[in-house]
Every structure is written in structure tokens, then in C-alpha cells.
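A quick write-up on the structure given underneath.
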Number of protein chains: 2
Amino acid sequence: MLTVAAPGRRAAPGPKETEIAFLLAQLGAFAAGQFGERAAEAGFTPPEAGLLRLISRAPGQSQQQIAAQLGARPSRLVALVDGLEQRGLLERRRNTEDRRNYALHLTDAGRDAMTVLGQAAAAHEAAIAAPLSPAERRQLSGLLARLAAGHGLRPGIHPGYRHLPGPDGPGPGPGRD
Amino acid sequence: MLTVAAPGRRAAPGPKETEIAFLLAQLGAFAAGQFGERAAEAGFTPPEAGLLRLISRAPGQSQQQIAAQLGARPSRLVALVDGLEQRGLLERRRNTEDRRNYALHLTDAGRDAMTVLGQAAAAHEAAIAAPLSPAERRQLSGLLARLAAGHGLRPGIHPGYRHLPGPDGPGPGPGRD
DNA sequence: TAAAAATAATTACAATCTAGAATGATTGTC
DNA sequence: GACAATCATTCTAGATTGTAATTATTTTTA
């Protein structure tokens, strides 16, 4: 592709048309990092927090189903579930009808953890949105939601960028512009 | 948003207060992934594209200076610069005054590459902003810029989240909410 | 019903990547 | 001139991930 003819580029007239995409990537990385810190304070990694939340929202799913929603490989979930199960936060329940898979459920302790993570998420949201007025927040929230919907991103699902065809993964590296 | 059954919450009254932070992370990951695909088509990884752009913007900097701006370890730049230098896109010039460091400059081929990457970035921007009207784009761009400024993010720099104190890096994994 | 294919979870292995500490060359300071 | 500091580089250990192989169970096929 690389369509865009755009031969004429001026010297450096300040902010360019290339703005929204970069700002989204920049702020997204920042927000994810900040949340990572809060999650760490609560004793969880972001993947763990995401997994707990997904099970909380829809209990009883198999690991395959969850892996599909997360865009992760099923084998990646094994260690994740192991760790949280050993900490007594969730449990694998045998499915009596199909004993190949497990149904994942939160324990009481897991629900308590979700409460803590929920508070952390609320504090995180408040901190991120802090520079904006309530009216601006509503405005921004609406625009972002429309943008996400327009690109087919599902409301509750955070698709870590995965399996790109390119010669190198995207990685959180130096980034783009 | 980690809803947490908190006391007063109704069934499922749609979008919650915890919105902006998650949408930013979600859209940011999406935008970064999309850009990664375009960069790959042009023959570059996102880190490479970011490095080229930084040198293009401010030629003659040392690797340490660039590493500081990118939030990367200096040792990480070595391989990156090596690869681009072997492809003839940039060159290490000896600093006659201080022969410890190199001054990084683009070659003509490097500038051509920047043109291609600039077109890719423009196409990317257009694709990301596509769902919004011109007026909405201006609105969103302004809100995001204010948000970024409010959090001390510098205009052209993309701070990949780095060295978190927590037990586990954030990583692009299953994500949060 | 027996055999073969498919599916879920797991394990094993290889490839990649990164952080961090050493190394060598050069410069600045006292 | 000796010592500390700086820049680029190399090296090594550790972590992370993707792919393929393994085991148990179910479904399909002959």
C-alpha cells in the first residue's frame, strides 16, 4: 500500500497531520505502563489481572476459549493459570460432560483480589483522566469508543498485538512516530 | 474496567466511568500493531523506523543521547545501528573533538527510506482516523495532545514502557482492563 | 464396535530477546 | 602523569515465546 502520494512536505511546520495515531500509541503505552505499576502493587502482572477479570466476567470457560479471546496461545495460559491456582485465586473444575477441558472459576479469595484490582483500576482511570475536565472526559471517551468500534475492537478485550508477518515483532521498543 | 461488584452498581448500565484508560491502552496497542505491519511492508521494524526518524530529526547525536531519548539501553542501540548501517541507511561519523562517540547521520538512501516511511505513517494515520469526521479528528487530536502534555509526554518521543519495579514486566500479553 | 481423526491441556524444545555486567578506547580532572 | 568518568561494544545469564510433540478424552468413520 503506502498509497498517499504526499510528495510535498514542508520544512517543519510544527504538529503535522500525523497526530492521532502516534498520540494513541504513545498514550496507550503510557497508560499500560502505569497500570502495570498499579497491578504490581496489588501483587499481579497485567496478564494475570486480565485473566482474573475475564474469568470474573464469564466463569466456567475453558482455557482454549479464554486463549482465543485473549489472542494468546493456549500453552501460554498453562503457567498463568498454574500460578493463580497455586495462590488459591482460581480453580480448575472438571467438566463432567467433557473431561478434556477444565472450567475456570474464581475462588472467594479470587473475588477479593478482583475487588482490589477494581480499586486499582479506578484509581488508574482517575489518574489518567486527571488532566481533563469532566466534560472533556465524556467527549474523549465517546470519541475513543467510536474509534474502537470503527476498527472492530471488542469492548472488554485487550488484544495485545500478536503474530505479525513482518521480519520482527513489534515489541515495546523505541517505537515509531 | 474490572467492574468489581462494588456496592451500588446496577446490572449492566453500559459504559462505565472506567473507560478512557482502557480505551487508550486498547487503541494504542492496535495502532502500534497496525503501524508495525506497515513498517514491515517498507522493510523496517518499528524500532528501526523510530531510530531513523530520530536521526532524521536531529542528526549528529551520539548513541547515548539517542538511547536516552528512546528510553533504551545503549547496548540495545548497537545492533540496531549496525543493521541500518550495513544496509547503507545511516553512518557513524567520527567526532573529531571527542573520539569516544560517533555522530549518527542519515545517508541519501536513509533519507529516501524516511520518505517511504513518512508515506507509510501518513497512510497509517489516515487509516486509524478513518472512522471519524474531520471535525472529530481535530477534537480528538486536541484532547489527546492535552492529555499527553498533562502527563509530561514529550511530543515526538514514544516511551516504550520500561524497567518496572514489579515482579514482571507489563508486556503485550493478555492485557488489562 | 473398532479404528481413526479431532480436541483440550500440558510438556519439551528451540529460537529470540533483553538486561546487566565487564571490556577497551578515549577524555577530563587533579 | 595517575585516576576517575564516559562512550561504544561485547559477553553472558535469564527470561519469554512460539512451535512441535505428548497424553487423555471425545467424536467421527468404516
Side-chain angles (χ1 to χ4, degrees), chain A residues 33 36 40 45-48 50-51 55 60-86 90-105 159-175, chain B residues 33 36 40 45-48 50-51 55 60-86 90-105 159-175:
Chain A
T45 65
E48 287 171 342
L51 176 58
I55 298 176
Q61 292 187 108
S62 71
Q63 297 181 192
Q64 294 267 351
Q65 291 173 312
I66 288 180
Q69 291 185 50
L70 259 43
R73 314 269 177 282
S75 62
R76 197 162 178 270
L77 277 186
V78 177
L80 211 53
V81 173
D82 281 351
L84 293 174
E85 189 178 35
Q86 286 167 13
L90 60 82
E91 57 183 358
R92 293 173 162 102
R93 290 190 195 161
R94 273 270 168 228
N95 184 337
T96 55
E97 295 186 349
D98 186 341
R99 288 185 302 181
R100 285 174 300 185
N101 59 27
Y102 294 102
L104 299 181
H105 291 270
Y161 23 103
R162 49 189 175 277
H163 56 68
L164 297 209
D168 187 333
Chain B
T45 67
E48 287 171 341
L51 175 58
I55 298 175
Q61 294 187 109
S62 71
Q63 297 181 191
Q64 294 266 350
Q65 291 173 314
I66 289 180
Q69 290 185 49
L70 258 43
R73 316 269 175 282
S75 62
R76 197 162 179 273
L77 276 187
V78 177
L80 211 53
V81 172
D82 280 351
L84 293 174
E85 188 177 36
Q86 286 168 12
L90 60 83
E91 56 183 358
R92 292 173 163 101
R93 290 189 196 161
R94 272 274 168 223
N95 185 339
T96 55
E97 294 186 349
D98 186 342
R99 286 185 304 183
R100 285 173 300 184
N101 59 28
Y102 295 102
L104 299 181
H105 291 270
Y161 22 100
R162 48 189 176 279
H163 56 70
L164 295 210
D168 187 332

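Order of the sequence lines sets the chain letters (A, B, ...), proteins ahead of strands, with each chain counted from 1.
As a whole-Å value, the separation of B:Leu90 CG from D:dA8 P is 13 Å. Spacing between atom CZ of A:Arg94 and atom C1' of D:dT26 amounts to 13 Å, rounded to whole angstrom units. In this structure, B:Asp98 places its CG atom 6 Å from P of C:dT27, rounding to the nearest Å. The CD atom of A:Gln61 sits 13 Å away from the P atom of C:dA8 (whole-angstrom rounding). Here C:dT11 presents its C1' atom at 17 Å from CG of A:Leu80, a figure rounded to the nearest Å. In this structure, CG of A:Leu77 is placed 16 Å from P of D:dT16, rounded to the nearest angstrom.
Side chain of B:Gln65 to backbone of B:Ser62: a donor-acceptor contact under 3.5 angstrom is found. Judged purely by atom type and a 3.5 angstrom limit, B:Glu85 has no side-chain atom pairing as donor or acceptor with the backbone of B:Asp82. Without hydrogens or angle criteria, A:Arg94 side chain to A:Arg99 main chain gives a donor-acceptor distance under 3.5 Å.
In this model, the phosphate group of C:dT10 is approached by a side-chain N or O of A:Arg92 to a distance below 4.0 Å at OP1 or OP2. Checking the phosphate oxygens (OP1, OP2) of D:dT10, no side-chain nitrogen or oxygen of B:Arg76 falls inside 4.0 Å. Distances shown here put every side-chain N or O of A:Arg99 at or beyond 4.0 Å from the OP1 or OP2 atom of D:dA24. An OP1 or OP2 oxygen of C:dA8 is reached within less than 4.0 angstrom by a side-chain nitrogen or oxygen of A:Gln64. Dashed line: the shortest gap from a side-chain N or O of B:Gln63 to OP1 or OP2 of D:dT9 is under 4.0 Å.
Among the heavy atoms of the strands lying under 4.0 Å from B:Ser75 is at least one base atom, whether or not backbone atoms are also near.
You'll find that the side chain of B:Arg100 is closest to D:dT6, out of D:dT6, C:dT10, D:dT9. Of the candidate nucleotides D:dT25, C:dA19, D:dT19, C:dA19 has the atom nearest to the side chain of B:Arg73. In this structure, of C:dT10, D:dA8, C:dA8, it is D:dA8 that holds the atom nearest to the side chain of B:Asn101.
Nearest heavy-atom pair, A:Gln64 versus A:Pro74, reported as atom, atom and distance to 0.1 Å: OE1-CG, 3.8 Å. Between A:Gly36 and A:Pro46, the shortest heavy-atom distance links the atoms CA-CG, 3.9 Å.
Residue A:Tyr102 is the one, among B:Asn95 and A:Tyr102, whose nearest nucleotide of DNA chain C lies closer to the 5' end (criterion: closest heavy atom).
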